[in-house]
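Data block below; observations after.
Keep in mind it's a predicted model, so treat the numbers as computed, not measured. Below, chain A is the first sequence line, B the second, and so on; all start at residue 1.
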Amino acid sequence: GAGVSQSPSNKVTEKGKDVELRCDPISGHTALYWYRQRLGQGLEFLIYFQGNSAPDKSGLPSDRFSAERTGESVSTLTIQRTQQEDSAVYLCASSSYSGLYEQYFGPGTRLTVT
Amino acid sequence: SQELEQSPQSLIVQEGKNLTINCTSSKTLYGLYWYKQKYGEGLIFLMMLQKGGEEKSHEKITAKLDEKKQQSSLHITASQPSHAGIYLCGADFTDSWGKLQFGAGTQVVVTP
């Protein structure tokens, strides 16, 4: 595709519900990253995938957060038992490879937990 | 990230004037990225710098990396309304392999 796409663009959920956020990276990009941007705070790294290697999950804030990636394509970020502090914009980025390569970001999913 | 400090936090510049944003790291930089973000939108990639002393330009935007100071600057010449937005620097530290840590951002407002 022309760029990184994410869905849904907005998600409102009740506290305690599970949510799934989707990311479609640029075709051919082997590295995929998830970041979170909470209101008034900077971007936080969550997790990244590089090819078939084990993902780097060092940024996930709790075990309620998990992510999967199918080969070198779509990724899904799942948040279980959502809490109000999970409200944020979740951004996905992809690059041709991990390391010093340009990361291209999607438009983000705005998650609101009520 | 406290390891990456951006300044100023915000600035207002008159259209046609120049502006500079700084990004200082407390750790060794492997790569330094500049992005622009408009409200409600994703990040737009501007430039990536990876070597001390490297300088890149695109249209009216120039970015430099000072390896000695572990600092990068983003300079916009003759600002236009289209330059308004939030500018973010992201650092790839030597042990991060693409995991970017971002500064808090600089909000730029361009007035007529």
Side-chain angles (χ1 to χ4, degrees), chain A residues 2-7 9-10 21 23-26 29-51 53-60 67 88-112, chain B residues 1-7 9-10 21 23-52 54 56 58 63 65 67 72 85-107:
Chain A
V4 179
S5 60
Q6 292 186 245
S7 61
S9 54
N10 281 286
L21 312 180
C23 172
D24 282 271
I26 293 172
H29 279 192
T30 62
L32 185 148
Y33 306 81
W34 283 98
Y35 294 88
R36 176 172 75 171
Q37 189 173 34
R38 289 189 285 187
L39 190 63
Q41 299 186 28
L43 273 158
E44 306 170 70
F45 165 80
L46 297 176
I47 185 171
Y48 97 86
F49 299 86
Q50 171 53 54
S53 302
D56 181 336
K57 304 179 183 180
S58 59
L60 294 179
V89 176
Y90 288 83
L91 291 158
C92 173
S94 72
S95 67
S96 341
Y97 200 76
S98 63
L100 287 179
Y101 289 82
E102 301 161 3
Q103 292 187 23
Y104 294 93
F105 282 76
T109 293
R110 183 175 298 276
L111 174 67
T112 303
Chain B
S1 164
Q2 291 181 340
E3 295 163 324
L4 209 59
E5 295 286 339
Q6 262 187 262
S7 62
Q9 192 172 28
S10 65
I21 301 168
C23 180
T24 304
S25 172
S26 60
K27 291 171 61 174
T28 300
L29 287 166
Y30 191 53
L32 193 289
Y33 297 68
W34 284 101
Y35 288 89
K36 180 184 172 186
Q37 185 177 33
K38 288 197 168 182
Y39 180 78
E41 298 178 17
L43 277 64
I44 300 168
F45 174 80
L46 296 176
M47 272 170 264
M48 181 185 78
L49 306 166
Q50 61 182 90
K51 297 175 185 174
E54 187 171 28
K56 288 185 178 178
H58 178 67
L65 180 60
E67 190 175 46
S72 178
I86 299 172
Y87 289 81
L88 293 162
C89 64
D92 191 343
F93 297 117
T94 54
D95 59 350
S96 300
W97 281 102
K99 296 185 318 189
L100 298 186
Q101 293 187 35
F102 285 86
T106 296
Q107 180 157 19

Please flag which part of A/S58 lies under 4.5 Å from any non-hydrogen atom of chain B: side chain, backbone, both or neither. side chain
Quick one: pull up CG in B/L100 and CZ in A/F105 and give me the separation to the nearest 0.5 Å. 6.0 Å
If one checks every heavy atom of B/I44 against chain A at 4.5 Å, the contacting part turns out to be neither
Under a 4.5 Å heavy-atom cut-off, does chain B meet the side chain of A/Q37, its backbone, both or neither? side chain
So which atom in B/K99 and which in A/Y33 form the shortest heavy-atom distance, rounded to 0.1 Å? N-CE2, 4.2 Å
Please report the closest heavy-atom contact between B/F45 and A/E102, naming both atoms and the distance. CZ-CG, 3.3 Å
Pairwise distance CZ(B/F102) to CD(A/Q41) - rounded to 0.5 angstrom: 15.0 Å
